[in-house]
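Right, one structure below, let's go through it.
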2 protein chains.
Amino acid sequence: MVSKKLSHIKELLAEKDYRFTPQREAILHVIVECQHSHLTADEIYRKTKEAYPEIGIATVYRTLEIFETLGIIHKFQFSEERALYEFNPGYHKHYHHHVICLRCGSISEFNEDLLEDIEDAIARSTGFSIVDHSLAIYGYCTTCQEQQEQTDSGNPAKPADLDEE
Amino acid sequence: MVSKKLSHIKELLAEKDYRFTPQREAILHVIVECQHSHLTADEIYRKTKEAYPEIGIATVYRTLEIFETLGIIHKFQFSEERALYEFNPGYHKHYHHHVICLRCGSISEFNEDLLEDIEDAIARSTGFSIVDHSLAIYGYCTTCQEQQEQTDSGNPAKPADLDEE
DNA sequence: GTTACTGCAAACACTTTGCACAGCT
DNA sequence: AGCTGTGCAAAGTGTTTGCAGTAAC
């Protein structure tokens, strides 16, 4: 299954005359392994460094850009902070429905297409040809709600900045 | 009406021991005048400079931050590029439904709450306490669709970078 | 008279780029 | 052999901060 993905990705790269270098393979490995997390470029850099210590941050950014144009990963920008990257297992159109806790920073995802009706309504009323959409829901997760009840000045459930795993 | 807004804003500032300086007034003026556009910090800076040439960019950023915490303006981050700011006339909870053309960069808005049902469904299934949400729809506006049909390599309807009004 | 605010410039964080060398194919 | 990819360091961009002077309250 992973090897099927791998050969498909090699093809995708080859189609555009991109090479499948060990650096790109190492980065891909990190992204696939952490496919349920949203990683920053720096996190990907540091994790890739474990397997490939010589790698440079510039290579990571260049690779992520290529992977994004090929649809291998998705890039998100929820706030003014750094972008987050995530593996896109199916290479298909991806609905970005994210539920973000304002206290602990955790991000959960909904992949169902909840917005078909809304898209249709907007397309009809504006003539817009819709390609994609992005929905972010902000609030408080159950854990943080509980903690907030207990100690109104307490600490978040998880540190908002998940710098290290 | 504007004066009513103004006194209300003065109150909001005073409540938090913020002062109503001429710089803040000038910035507010720009934001209210352009309340149907999404302005970058730099655009606000340059427009404010017309009325108040001595102003510095740092003051603009500091003022925008204060205005945002008071709910006077809203700040958006659609991409990795700079943030956009917009006046929030009602100071109420604001639904950010933006329709963004991928070709000319124009941004239109829907202020109806299209997502109540979806919010309810997510709250029920996850226990999340939802505070706000942000929806961005990406596609092509009618003008750009027409232009794309005519000349498949033509120019966008409007420059994507609206540096000057 | 306090205290918050300002403008400047320097610092900042994240990301991109120029360059000479290395390595696929 | 040729062209793409790499690592480094330097540059770039948008935003924030330290500081000494200034102005609102």
Side-chain angles (χ1 to χ4, degrees), chain A residues 9-28 38-46 48-70 72-73 75-85 160-163, chain B residues 6-7 9-28 38-46 48-70 72-73 75-85 160-163:
Chain A
I9 287 168
K10 279 184 188 173
E11 274 171 40
L12 282 173
L13 286 165
E15 271 171 30
K16 297 277 163 80
D17 278 328
Y18 292 125
R19 290 171 186 172
F20 192 68
T21 65
Q23 288 93 334
R24 288 177 184 170
E25 186 168 8
I27 291 167
L28 186 62
H38 298 76
L39 300 169
T40 65
D42 191 63
E43 281 163 358
I44 294 167
Y45 169 57
R46 295 212 306 272
T48 306
K49 237 176 147 61
E50 291 169 15
Y52 201 105
E54 319 89 283
I55 202 158
I57 185 75
T59 301
V60 173
Y61 277 108
R62 283 186 280 231
T63 301
L64 292 176
E65 198 194 339
I66 291 170
F67 283 1
E68 202 206 354
T69 64
L70 296 178
I72 296 167
I73 60 170
K75 180 179 179 180
F76 303 104
Q77 191 91 29
F78 290 123
S79 66
E80 64 263 49
E81 288 161 7
R82 52 240 127 101
L84 299 177
Y85 298 87
D161 189 350
L162 36 122
D163 246 24
Chain B
L6 203 73
S7 60
I9 287 167
K10 279 184 188 171
E11 275 170 40
L12 282 174
L13 286 166
E15 273 171 30
K16 296 276 163 82
D17 278 330
Y18 292 125
R19 289 169 187 175
F20 192 68
T21 65
Q23 289 92 333
R24 288 177 184 172
E25 186 167 10
I27 291 168
L28 186 61
H38 298 76
L39 299 170
T40 65
D42 191 64
E43 280 162 0
I44 294 168
Y45 169 59
R46 294 211 308 271
T48 306
K49 236 174 147 62
E50 290 170 15
Y52 200 104
E54 319 90 283
I55 202 158
I57 186 76
T59 301
V60 172
Y61 277 108
R62 282 186 280 232
T63 301
L64 293 176
E65 199 193 339
I66 291 170
F67 284 0
E68 202 206 354
T69 64
L70 297 177
I72 296 167
I73 60 172
K75 180 179 180 180
F76 303 104
Q77 191 89 29
F78 290 124
S79 67
E80 65 263 48
E81 290 162 7
R82 50 241 126 100
L84 299 176
Y85 299 88
D161 190 351
L162 35 123
D163 246 22

In whole angstroms, how far is the [atom2] atom of [N] from the [atom1] atom of [X]?
X	N	atom1	atom2	answer
B:E65	D:dT17	CD	C1'	11 Å
B:E43	D:dG14	CD	P	11 Å
B:I27	C:dG7	CD1	C1'	12 Å
B:Y18	C:dT2	OH	P	23 Å
A:L13	D:dG5	CG	C1'	12 Å
A:F67	D:dG5	CZ	P	11 Å
A:D42	C:dT16	CG	C1'	15 Å
B:I44	D:dG14	CD1	P	14 Å

Check your understanding: Given the rule in the side-chain contact (heavy atoms from CB on, under 4.5 Å) test, do B:L39 and B:L84 qualify, once you have shown the distances and angles that lead to the verdict?
Key -> CA-CA 5 Å; B:L39 299 170; B:L84 299 176; over 6 Å; no

Under 4.0 Å, counting only non-hydrogen atoms across every strand here, what does [X] touch: a base, just sugar-phosphate, or nothing?
X	value
B:I57	nothing
B:Y45	nothing
A:E54	sugar-phosphate
B:D17	sugar-phosphate
B:Q23	sugar-phosphate
B:A14	nothing

Check your understanding: What's the shortest heavy-atom distance between B:F67 and B:L13, and which atoms?
Key ->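 Shortest heavy-atom separation between B:F67 and B:L13 comes out as CE1-CD2, 4.3 Å.
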
Check your understanding: Between A:L64 and A:I73, what is the shortest heavy-atom contact and its length?
Key ->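 Minimum heavy-atom contact is O-CD1, 3.5 Å.
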
Exercise for review: Evaluate the side-chain contact (heavy atoms from CB on, under 4.5 Å) criterion for residues B:I66 and B:R24: first the C-alpha distance (whole Å), next the side-chain angles of each, then the deciding distance (0.1 Å), finally the verdict.
Suggested key: CA-CA 10 Å; B:I66 291 170; B:R24 288 177 184 172; 3.4 Å; yes

Review point. For every nucleotide of nucleotides 18-25 of chain C, 5' to 3': is a protein heavy atom under 4.0 Å from its base (B), only from its sugar-phosphate (S), or from neither (-)?
Key: B----BB-

**Study point:** Nearest to side-chain heavy atoms of B:A83, which nucleotide of C:dG7, D:dG5, D:dT15
**Key:** D:dT15

Practice item. Would you give the length of the straight line joining atom CD1 of B:I27 to atom OH of B:Y45, rounded to the nearest 0.5 angstrom? Key: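 Nearest 0.5 Å value for the CD1-OH distance: 11.0 Å.
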
Review point. Taking only N and O in the side chain of A:Y61, is any of them less than 4.0 Å away from OP1 or OP2 of C:dT15?
Key: yes

Point to revise | Contact nearer the 5' end of DNA chain C, comparing A:A41 with B:I55 | key: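 Of the two residues, B:I55 wins.
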
**Study point:** Expected output: side-chain B:R82 to main-chain B:A41 donor-acceptor under 3.5 Å
**Key:** no

Check your understanding: What residues, two or more places apart in sequence or in another chain, satisfy side chain to side chain contact (heavy atoms under 4.5 Å, CB included) together with A:T59?
Key ->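 Per chain and number, A:T59 pairs via side chain to side chain contact (heavy atoms under 4.5 Å, CB included) with A:Q23, A:I55, A:R62, A:T63.
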
